[in-house]
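Beneath this line is the structure, given in C-alpha cells, with notes to follow.
Counting convention: from 1, in listed order, for ligands and their atoms alike.
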Amino acid sequence: MKIVLIGKNGQLGWEFQRILPGLGELISLGRDELDVSDHYAVQKTLIELRPNLIINASAYTEVDLAETQIELATDVNAIAPGVMAETAHKINAAFIHYSTDYVFDGKSNTPYTENDPANPLNLYGKSKLMGEENIKQSGDAYLIIRTSWVYSLRGNSFVNKVLGWSRKNKTLKIVSDQVGSPTWARMLAETTTHAITTNNANFLDILLERRGIYHLAGGGYTSRYEWAKEILANDPKRTEQLVQTIEPALSEEFPTLAKRPLFSALDCEKFTKIFALHLPEWKETLQLAMTG
Ligand SMILES: NC(=O)c1ccc[n+]([C@@H]2O[C@H](COP(=O)([O-])OP(=O)(O)OC[C@H]3O[C@@H](n4cnc5c(N)ncnc54)[C@H](OP(=O)(O)O)[C@@H]3O)[C@@H](O)[C@H]2O)c1
C-alpha cells in the first residue's frame, strides 16, 4: 500500500505524518517538494508515484489574505484538488480532501448538515467550495471532509494565540458572537484513518462505496469566547498567565478583511453513522490535547 500525503507541514499534515506510516509506504510532500499551485507538477508527481491513496492536507488557509490573493487561493483551493481527484481516478487511487465550515453563510441556528445549501461569505470559502465542485466532477473514489476551527499545539493556532495573549495582557477581549466546533488536528487525522481502515477492506473499495461529502469536527459547539476560557483553564503552565479578566466582544469590534459566518457548527451524524465512529465532545478533546 503506497500513500502520498500532500501538505505535510500544516496542522493536519503534521498529524498525518505521525499516523500514516503504520498503514503502508508513506511519501510525504511539503510545499518544497510539491507546490500544488503548479497543476502540471501535481499531475506529473502523482502519475510517477502511482499511490493507492492520496491525502490532500494542503490548502491556502489565510482567510483574510485570500480577499486580495484570490488567484493563488483559487489555484491551491479550487483547481489543485480537482487535478488531484482527476489524476487519482486515472491511476486508480483513492482520494481524501478537506474542506471547511466557511462554505456556509452562518445564518442557521442549528448545526449544518451535508444537505444544507452552501453560500460562502468570503473568497476563502468560495475557493474551497469550488474545490469541492471540481472533485465531484472529476473524482471517483473520494471523500471530501468538511471540518471547522482546526487547532493544534504547534504553530499559530487559536489555542497558541490565546496562550500567548494571556502572558502579555491583564484583560483579553474575545468575540462571543462567532460559534463553531473546535477540532483538534490529531483527532481529525486519527478519525479519518480509522474510517478508512475499517473491515480490512482496501481504501479504493471503501471510498468508492462511501464517496461523498462528510462533516467531521469536534462534538458540540461553542463561541470563541467560551473556547478561550476553556483554553486558559486547561493551560498546563497557568502560573505564567498575566491575564485576570476575559471579556466577551462582538465581531464588529474587530473588523477583518474577510467576513466570517457567525454560526458554523457542523452536524457530523452522517459521518458517525456511516463509519460507525464516536466523536468526543470538543471540551474533552481540548483537555486531552492540552494536558494529556
Ligand atoms: N485551520 C482551520 O481552522 C480550518 C478550518 C476548516 C477547514 N480547514 C481545512 O482543513 C485542512 C487542513 O487545514 P490546516 O489547519 O492543517 O491548514 P494549515 O496548517 O494552514 O496547513 C496548510 C498547509 O498547506 C500548505 N500549502 C499552502 N499552499 C501550498 C502550495 N501552494 N503548495 C503546497 N502546499 C501548500 C502549507 O504549506 P507551508 O507550511 O509551506 O505554508 C501548509 O503546510 C485544509 O483543507 C483547510 O482548508 C481548516
**Request:** Of the side chain and backbone of Leu72, name the one, both, or neither that has a heavy atom under 4.0 Å from an atom of ligand 1.
**Result:** neither

**Fill in**
So the atoms of ligand 1 within less than 4.0 Å of a heavy atom of Tyr98 turn out to be 10 (O), 11 (C), 45 (O)

**Message:** Centre-to-centre under 6.0 Å for Trp227 and Trp149, is that the case here?
**Reply:** yes

**Request:** Give the residue and atom name of whichever protein heavy atom lies nearest to atom 48 (C) of ligand 1, and the separation in Å to one decimal.
**Result:** Val150 CG2, 3.7 Å

**Prompt:** Numbering the atoms of ligand 1 from 1, which are under 4.0 Å from a heavy atom of Trp149?
**Reply:** 3 (O), 5 (C)

**Message:** Test your reading of the structure: does Gly13 have an N or O sitting under 3.5 Å from an N or O of ligand 1?
**Reply:** no

**Prompt:** Among the heavy atoms of Phe158, does any lie under 4.0 Å from an atom of ligand 1?
**Reply:** no

**Prompt:** Nearest to atom 31 (N) of ligand 1, what protein heavy atom do you find, and at what distance?
**Reply:** Asp35 OD1, 2.9 Å

**Item:** Tyr60 N/O under 3.5 Å from ligand 1 N/O
**Value:** no

**Prompt:** Is it true that the side chains of Ser148 and Tyr221 contain a donor and an acceptor less than 3.5 Å apart?
**Reply:** no

**Asked** Going by heavy atoms, is Asn56 under 4.0 Å from ligand 1?
**Response** no

**Request:** Report yes if Gly10 has an N/O atom closer than 3.5 Å to an N/O atom of ligand 1; otherwise report no.
**Result:** yes

**Item:** Flag for Ser251-Gln178: side-chain donor and acceptor within less than 3.5 Å
**Value:** yes

**Message:** Counting C-beta onward and ignoring hydrogens, is there a side-chain heavy-atom pair between Leu12 and Thr192 closer than 4.5 Å?
**Reply:** no

**Asked** Can you tell me the protein heavy atom closest to atom 41 (O) of ligand 1 and the distance?
**Response** Arg31 NH2, 2.9 Å

**Message:** Below a 4.0 angstrom heavy-atom separation, can you tell me which part of Thr100, side chain or backbone, both or neither, approaches ligand 1?
**Reply:** both

**Prompt:** Under 3.5 Å between some N or O of ligand 1 and some N or O of Gly30?
**Reply:** no

**Message:** Please classify the Thr61 to ligand 1 contact at 4.0 Å (heavy-atom distances, strictly less than): side chain, backbone, both or neither.
**Reply:** side chain

**Complete:** Short version for Ala59: what comes under 4.0 Å of ligand 1, heavy atoms counted, is both

**Item:** Polar proximity ligand 1 side, Ser148 side, N/O cut 3.5 Å exclusive
**Value:** no

**Asked** Which one holds for Lys128 and ligand 1: side chain close, backbone close, both close, or neither close, with close meaning a heavy atom under 4.0 Å?
**Response** side chain

**Message:** Just to confirm my output: which protein heavy-atom neighbour is closest to atom 7 (C) of ligand 1, and how far is it?
**Reply:** Ser99 O, 3.3 Å

**Prompt:** Do any nitrogen or oxygen atoms of Thr147 come within less than 3.5 Å of a nitrogen or oxygen of ligand 1?
**Reply:** no

**Prompt:** Would one find an N or O of Gln11, backbone or side chain, under 3.5 Å from an N or O of ligand 1?
**Reply:** yes

**Message:** Please determine whether the number of non-hydrogen atoms from other residues, nucleotides or ligands lying under 6.0 Å from atom CD of Glu71 exceeds 12.
**Reply:** no

